[in-house]
**Q** 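I am attaching a structure below and will ask some questions about it afterwards.
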Amino acid sequence: METLSTPLPSLPRYSTSLTVNNDHDHDHPVFLHIKQCTNSSQLGQIHAQMLRTGLFFDPYSASKLFAASALLPFSSLDYARKVFDQIPKPNLHSWNTLIRVYASSPEPLQGILIFLRMVHESPYYPNKFTFPFVIKAAAEIFSLCVGQALHGLAIKASLGADVFISNSLIHLYLSCGDLDSAYRVFTMIGEKDVVSWNSMITGLAQRGCAEKAFQLFQEMEEEGVKPNDVTMVGVLSACAKKLDLELGRWVCSYIERKGIRVDLTLSNAMLDMYTKCGSLEDAKRLFDMMEEKDIVTWTTMLDGYAKLGEYETAKQVLDTMPRQDIAAWNALISGYEQNGKSKEALSLYHELQQSQIAKPDGITLVSALSACAQLGAMGIGECIHAYVKEQGIKLNCHLTTSLIDMYSKCGDIKKALDVFYSVDRRDVFVWSAMIAGLAMHGQGRDAIDLFSRMQETMIKPNSVTFTNVLCACSHAGLVKEGKTFFNQMEPVYGIRPGVQHYSCMVDILGRAGLLEEAVEFIEKMPILPSDSVWGALLGACQIHGNVELAELACRHLLELDPENNGAYVLLSNVYAKTGKWDGVSRLRKHMRVTGLKKEQGCSRIEANGVIHEFLAGDNCHPLSKEIYSKLDEIVVRLKSAGYVPNKSHLLQLIEEDEMQEHALNLHSEKLAIAFGLQYVEVSQPIRIIKNLRVCGDCHSVAKLVSRLYNREIILRDRYRFHHFSGGNCSCKDYW
C-alpha cells in the first residue's frame with residue numbers, strides 16, 4: 001500500500017468552472033439503462049457497449065458510468081477504480097466521487113492520495129464537494145496534520161466558511177482528539193445547521209465533557225435550532241457520562257414532549273443511559289416496551305445487569321438472546337472479571353470456546369488473561385497465549401500488557417520478559433506492566449534499569465509508571481533511589497504526585513525501618529493523608545514491631561474508615577508479635593462487639609487447569625482426608641529437621657502449646673502446599689496465591705518444605721512474591 005509521504009501542495013489557480021461538451025444528447029438511452037442496472041454483470045455489459053460506441057470517451061458519459069460503478073449497492077471498489085483509470089480525462093465530479101468512495105472504504109488513505117493526484121494531474125481546483133470527502137478520509141486515519149493542511153487549503157480557496165466543510169472539520173478535529181480546534185471551527189460558523197450542533201454535542205459527550213455538551217444543547221434551543229434524534233443520542237450520552245439519572249429522565253420526557261422521532265438508535269441510547277446510571281427498573285421497562293431490538297439492545301441490557309452484580313439475570317439475558325455475538329459474551333466475562341469473580345469469568349470463557357457460537361476477540365482474551373492473573377492460573381493463561389499464537393492474532397499493546405501482567409502475577413517473570421522482548425511496539429502501559437512485574441518479584445534494580453531504557457525510547461512515563469517504579473524501590477529497599485524518583489516527578493516529568501505515590505514513599509521509608517522519617521513525611525504532605533498512607537505506615541510498624549506508631553497509624557486509619565477490619569488485624573499482629581496478648585484480646589473483643597470480622601485467609605492453587613481454593617482450617621475440599629494426612633507427614637518431617645513453630649504469628653489468644661501449634665498448621669497456604677505436593681507434577685513449581693500477607697511461620701515452613709521435598713514453591717501474597725527453591729528464598733525476610 002502507498003504511504004502518504006507527499007506534502008499537500010499549494011494549489012494552482014485553475015478555473016473552478018466545468019466545461020461540458022454539449023455535442024451529445026444528455027438523455028441518451030444508455031443513461032436510463034445505467035439507472036436500471038440491478039447487478040454488476042448488467043453494468044459490465046453497458047461498459048462494454050460504451051467502449052464500442054466511443055461514448056465512454058466523453059467525460060460526462062464516463063462519469064455517469066463511473067458513478068454507478070462506485071455508488072450503486074452492488075458496486076465494487078476495485079471495478080470502480082478500473083473504470084476511473086480508463087477515463088481519458090475524468091471530470092471534477094468523477095474525481096470527487098472516487099475520493100468519496102475511498103473515504104468511506106477500508107482504505108481511506110487512498111482517498112487522500114487520489115486528492116493529491118487530482119491537484120497535480122487534473123485541470124480542476126477542489127470545490128466545496130471535494131473538501132468534505134477528503135477531510136473525512138483524513139479523519140478516518142486520525143491524521144491531524146493532514147486535516148490541518150486541508151483546513152488551510154479550504155480557507156485559501158475561500159471555502160472556510162462553508163457549513164458542510166466546517167462540519168467535516170469539526171468531525172476531523174474531534175476524531176483526532178483536538179477539542180479546542182473543533183470548538184474554534186464550530187464558533188466560526190455563521191449559520192450553524194443541526195449537523196453542526198450534533199457533531200459538537202456528540203463529540204464533547206463522547207470525550208467526557210458532559211457539562212459542556214449539555215450547555216451546548218441549551219444554547220442550540222436558545223438559537224431556535226430544532227434538535228433531532230441524533231441530537232438526543234448525544235445528550236443522553238452526556239447524561240450517561242455524568243451518571244445523572246434525573247437529568248436523563250428529564251431528557252427522555254423532553255423527547256416525548258417535543259415529538260422527536262424515536263428510532264432504534266435513540267431507544268438504545270435511552271437504555272444505555274438507564275443502565276449506566278444504575279436504574280435497571282427504568283431500563284427493563286423500556287426494554288419490554290421496545291418493539292424492535294438488535295444486538296446492541298440485548299448487550300446493553302446484559303451489561304447493565306453484569307455491572308450491578310446481577311450475574312444470574314445477566315446470564316439469562318445472554319442465554320435468551322436471539323443472536324449472540326462476541327460483544328455480549330465480552331460484557332458478561334468482563335463484568336465477572338472486574339468485580340472479582342475471576343473463576344466465573346474463566347468458566348464463561350471456556351463455555352464460549354466450547355459453544356463455538358462466537359470467536360474470542362482481543363477484548364475477550366484481555367479479560368480472560370486478567371482473570372488468570374487474579375487467580376494465579378498460569379496453566380489456563382498459557383493456553384490462552386497458545387491460542388493467540390495458533391490463531392495468528394497480532395499482539396497489540398492491550399494484549400501484550402495483559403500477557404505480561406498474567407505471567408508476572410503467576411510467578412514466571414522470565415516468560416513475562418520473553419513476551420515483552422518479543423514485540424516491536426511498546427506503549428507506556430506495556431513498559432509500566434513490565435516494570436511492575438519486576439517490582440513484585442523483588443528485582444528493583446532491573447525495574448529501575450528498564451525505566452531508564454523506557455525514557456531512552458522517548459516513551460513518556462505516566463502516573464502508573466511512577467507508582468510501579470516506587471513499588472520497585474520499596475520491595476528492593478532502595479530508599480535513596482525512591483526519594484530521587486519521587487522528588488523528580490513534578491519538576492522533571494510534569495506529574496503531580498497523587499495519594500498512591502505518597503503511600504509508596506511511606507512504604508519505602510517504613511519497610512527500611514525509617515519509621516520516624518515516615519511519620520515526618522506524612523505530616524508534611526500537601527494533601528490530606530488517605531487510608532492507604534496510614535495503612536502503609538501501619539504495615540511497616542507490623543514488620544518492625546513498633547507498638548506506639550502502630551497505635552497512632554491505626555487511630556488515624558479508623559478515623560477515615562471506621563469499619564476497616566484490616567486496621568484492627570494489623571494492630572493485632574503488632575501486639576501478637578510483641579507478646580502483648582492483652583492488646584490482642586482487647587481488639588478481638590471490640591471486633592466481636594462491633595460485628596467486624598477479620599477477612600478470611602484464602603489460598604488458591606492450580607492443578608491440571610483447575611483452580612482449588614483453601615480457607616484456614618478448611619475441610620470442605622473433596623480431598624481433605626488426603627490433604628490433612630499429607631500435612632501430618634510434613635509436620636513430622638519438619639520437626640525432625642529442627643523446625644520450631646513461630647507462635648508469635650498467632651492472631652488469637654490460645655494458652656495451650658499444642659492448640660497454638662495446631663492453629664498454625666491450619667493456615668490456608670499450608671493446606672495448599674500439602675495439596676500441591678500431591679497433585680502438582682514434580683516438574684512444575686507449586687504456585688500458590690494468598691489473599692492476605694503470608695505470616696512468618698508459613699514463610700519458614702515453605703522454605704523448609706522446598707528443601708526437604710526438593711520442590712520449587714512460588715507463593716504470592718497481597719504484597720509480593722516469595723520464591724523458594726532448594727530451601728533458598730529469593731525475597732527478603734521481613735519477619
Side-chain angles (χ1 to χ4, degrees), residues 176-181 183 204 206-212 241-243 397-398 401 405 426-440 444-445 447-512 514-540 553 556-557 559-561 564 719:
C176 296
D178 190 345
L179 289 175
D180 291 339
S181 294
Y183 190 68
L204 287 167
Q206 290 176 344
R207 284 152 189 83
C209 303
E211 292 286 354
K212 185 64 178 175
K241 287 285 196 300
K242 286 180 66 178
L243 302 178
C397 289
H398 295 295
T401 301
D405 185 59
R426 306 181 188 103
D427 65 5
V428 64
F429 299 102
V430 173
W431 285 94
S432 298
M434 196 63 252
I435 291 169
L438 291 167
M440 70 178 72
R445 290 286 180 193
I448 291 172
D449 290 344
L450 196 66
F451 177 66
S452 300
R453 289 175 51 198
M454 170 185 170
Q455 294 173 88
E456 290 170 5
T457 64
M458 305 306 290
I459 298 291
K460 186 179 178 181
N462 62 16
S463 175
V464 175
T465 316
F466 273 102
T467 299
N468 297 342
V469 169
L470 292 173
C471 283
C473 294
S474 175
H475 289 313
L478 305 174
V479 179
K480 181 181 177 182
E481 292 83 349
K483 289 180 178 179
T484 300
F485 287 126
F486 181 84
N487 292 329
Q488 288 178 344
M489 282 182 65
E490 193 162 10
V492 177
Y493 299 96
I495 299 172
R496 181 173 295 178
V499 68
Q500 70 274 22
H501 304 108
Y502 285 100
S503 299
C504 287
M505 276 307 301
V506 172
D507 194 50
I508 289 172
L509 296 170
R511 282 179 182 268
L514 303 172
L515 295 175
E516 296 294 342
E517 187 176 344
V519 172
E520 186 180 344
F521 178 84
I522 294 172
E523 291 172 347
K524 291 180 179 179
M525 281 175 59
I527 58 176
L528 285 174
S530 68
D531 54 352
S532 63
V533 171
W534 292 112
L537 179 62
L538 184 54
H556 282 289
L557 186 50
E559 285 174 2
L560 294 169
D561 185 6
N564 188 323
Y719 300 96

**Q** When rounded to the nearest 0.5 angstrom, what distance separates CZ in F521 from CD1 in I508?
**A** 8.5 Å
**Q** Would you compute the distance between atom CD of Q206 and atom CG of L204 and round it to the nearest 0.5 angstrom?
**A** 10.0 Å
**Q** So which heavy atom on M505 is nearest to which on G482, and how close?
**A** SD-O, 3.7 Å
**Q** Given S432, which partner from the list N468, V469, D405, T401 fulfils the side chain to side chain contact (heavy atoms under 4.5 Å, CB included) test?
**A** N468
**Q** Taking only residues two or more places apart in sequence, or in another chain, which ones meet H556 in a ring-ring contact (aromatic ring centres under 6.0 Å, His included)?
**A** W534
**Q** Determine, stepwise, if the pair T457 / R426 fulfils side-chain contact (heavy atoms from CB on, under 4.5 Å).
**A** CA-CA 10 Å; T457 64; R426 306 181 188 103; over 6 Å; no
**Q** What are the two closest heavy atoms between I459 and D427, and how far apart are they?
**A** CG2-C, 4.3 Å
**Q** Would you say the ring centers of Y493 and F485 fall short of 6.0 Å from each other?
**A** no
**Q** Are F466 and F486 near enough that their ring centres are under 6.0 Å apart?
**A** no
**Q** Checking D507 side chain against S474 main chain: does a donor-acceptor pair fall under 3.5 Å?
**A** no
**Q** Decide if atom CD of E211 counts as having more than 12 heavy atoms of other residues, nucleotides or ligands within a radius under 6.0 Å.
**A** no
**Q** Do F429 and H398 touch side chain to side chain, with heavy atoms closer than 4.5 Å?
**A** no
**Q** Pair S530, Q500 - check side-chain hydrogen bond (donor to acceptor under 3.5 Å, both in side chains), show working.
**A** CA-CA 9 Å; S530 68; Q500 70 274 22; over 6 Å; no
**Q** Answer yes or no: is there a side-chain heavy-atom contact under 4.5 Å between F451 and P461?
**A** yes
**Q** Measure the shortest side-chain to side-chain distance between L515 and L509 over non-hydrogen atoms and say whether it is less than 4.5 angstrom.
**A** no
**Q** Show the nearest heavy-atom pair for residues E490 and P497, with the distance to one decimal.
**A** OE1-CD, 4.0 Å
**Q** Could you state the interatomic distance from OG (S532) to CG (L557), rounded to the nearest 0.5 Å?
**A** 9.5 Å
**Q** If I compare all heavy atoms of A476 with all of G444, which pair ends up nearest, and what's the gap?
**A** CB-CA, 3.7 Å
**Q** Quick one: pull up SG in C471 and NE2 in H501 and give me the separation to the nearest 0.5 Å.
**A** 9.0 Å
**Q** Please lay out, stage by stage, how T465 and N462 fare under the test side-chain hydrogen bond (donor to acceptor under 3.5 Å, both in side chains).
**A** CA-CA 5 Å; T465 316; N462 62 16; 2.8 Å; yes
**Q** Can you name the side-chain hydrogen bond (donor to acceptor under 3.5 Å, both in side chains) partners of R207, sequence neighbours left out?
**A** none
**Q** Work out which heavy atom in S463 is nearest to a heavy atom in I495; give both atom names and the distance.
**A** N-CD1, 4.1 Å
**Q** Compare every heavy atom of L537 with every heavy atom of A518, then report the nearest pair and how far apart it is.
**A** CB-CD1, 4.1 Å
**Q** Under the side chain to side chain contact (heavy atoms under 4.5 Å, CB included) test against I435, which residue among V430, I448, L450 passes?
**A** L450
**Q** Do R445 and E481 come within less than 4.5 Å of each other through their side chains, counting heavy atoms only?
**A** yes
**Q** Check whether any side-chain heavy atom of Y183 lies under 4.5 Å from a side-chain heavy atom of C209, and answer yes or no.
**A** no
**Q** Less than 4.5 Å apart, any side-chain heavy atom of V428 and any of M454?
**A** yes
